[in-house]
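Quick notes on the structure that follows.
Worth saying up front: this structure is predicted, and the values here are computed from it rather than measured. In this chain, numbering begins with 1 at the start of the sequence shown. Read the numbers this way: they start at 1 and go in the same order the structure lists the ligands and their atoms. Side-chain atoms are counted along with the backbone in the values below, which use heavy atoms only and exclude waters and symmetry mates.
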Amino acid sequence: MSFTFKNFPAAHDDLRVDVLSGLAASPKSIPPKYFYDEQGCRLFESICAQPEYALSRTEQALMAARLPDIAAAIGPVDCIVEPGAGDCIKVRRLLDALHPANLVVLDIASAPLAAAAEALSRDYPALAVTALGMDFVHDIEAAAPCLPPGRRLIYYPGSSIGNFPPDAATALLARFRHLAGTEGQLLIGFDLKKDPQRLHAAYNDAAGVTAAFNLNLLERLNHELDADFDPARFRHYAFYNPTAGRIEMHLVSLAEQDVNVAGQRFHFSLGETLHTEHSFKFRSDEFSAIAKSAGWPLKAEWEQDGFAVQLYG
Ligand code: AVI
């Protein structure tokens, strides 16, 4: 068993700077990556178990059903690289099918990543596992020296790409292209455009878990930035914007109110929204055009019940 962990201090992940500038902007916004404190990670897991939010279940069902085809299309690989690997569970299916010699997992939440990757390395004694705690969106170049030579597969499941605006998504895919090297491939999962009612329900589950996930951001700011948000004076507001092809999540102010954050005061008008997330949905041809502009030619694709997995390289 071989396990290596390296932590890269997050130069671009300053909660205080991002939140203060987002609250000073008009309209107000906070980047969605800040949802994922410990409680946010727990709530996201719970979202994935809600009947209305089929995205993760559908992707895993597709991967299970089509794994032999997917593995055959990928062919032999020496190294799987998973940015945003989190609990390192999804990649196990690919390890079992592809038997690479190396796995490199990256995540900004370095402590949980290290624990999950070390546990995984115990279950795969022949695999060399490297865990890199880093903000891969900005600092992915730092991962390059940690990758072994040979055929690399970048694995980016879960429709995480949908949480980036189109320009940022293209830029991230281009960085993946560079990291993968000349023989590299990309296996990516994303949510497809579908009946807006289904999309609306997925982000407005009856049990209120997505609402709790959204409002937890305010609790996080109260704890970590000495803020005084009253979550009862904000409401979760998520809807599908068909023109932009995305779910928009906001927190709506239910009152005229002032809030203090890290020693600065911000005014919210009644009905004003704090924008917290975009979740873009794609047609498969739309997505392959974006990937192509980032240097990735499409090799194969699979679809199931409103979700797509595409292979590039
Ligand atoms: C992580 N990401 C793909 C989720 C999504 O669907 O955009 C985050 C999420 N937000 C609300 N529910 C789930």
Pairwise salt bridge (Lys or Arg N to Asp or Glu O under 4.0 Å) hits with a residue in residues 233-243, at least two apart: none
Validation row, ring centre His178 to ring centre Phe176 under 6.0 Å: no
Gap between atom CG of Leu274 and atom CZ of Phe268 - 0.5 Å precision: 5.0 Å
Can you give me a line-by-line list of nitrogen or oxygen pairs between ligand 1 and the protein shorter than 3.5 Å?
unit_1: ligand 1; atom_1: 2 (N); unit_2: Asn163; atom_2: OD1; d: 2.9
unit_1: ligand 1; atom_1: 6 (O); unit_2: Tyr53; atom_2: OH; d: 2.5
unit_1: ligand 1; atom_1: 6 (O); unit_2: Tyr203; atom_2: OH; d: 2.5
unit_1: ligand 1; atom_1: 7 (O); unit_2: Asn163; atom_2: ND2; d: 2.9
unit_1: ligand 1; atom_1: 7 (O); unit_2: Ser279; atom_2: OG; d: 2.6
unit_1: ligand 1; atom_1: 10 (N); unit_2: Glu277; atom_2: OE1; d: 2.7
unit_1: ligand 1; atom_1: 10 (N); unit_2: Glu277; atom_2: OE2; d: 3.4

Side-chain H-bond candidate by donor/acceptor type, Glu248 with Asn241, under 3.5 Å: yes
Modelled atom types, side-chain donor and acceptor of Lys281 and Ser279, under 3.5 Å: yes
Modelled atom types, side-chain donor and acceptor of Thr273 and His250, under 3.5 Å: yes
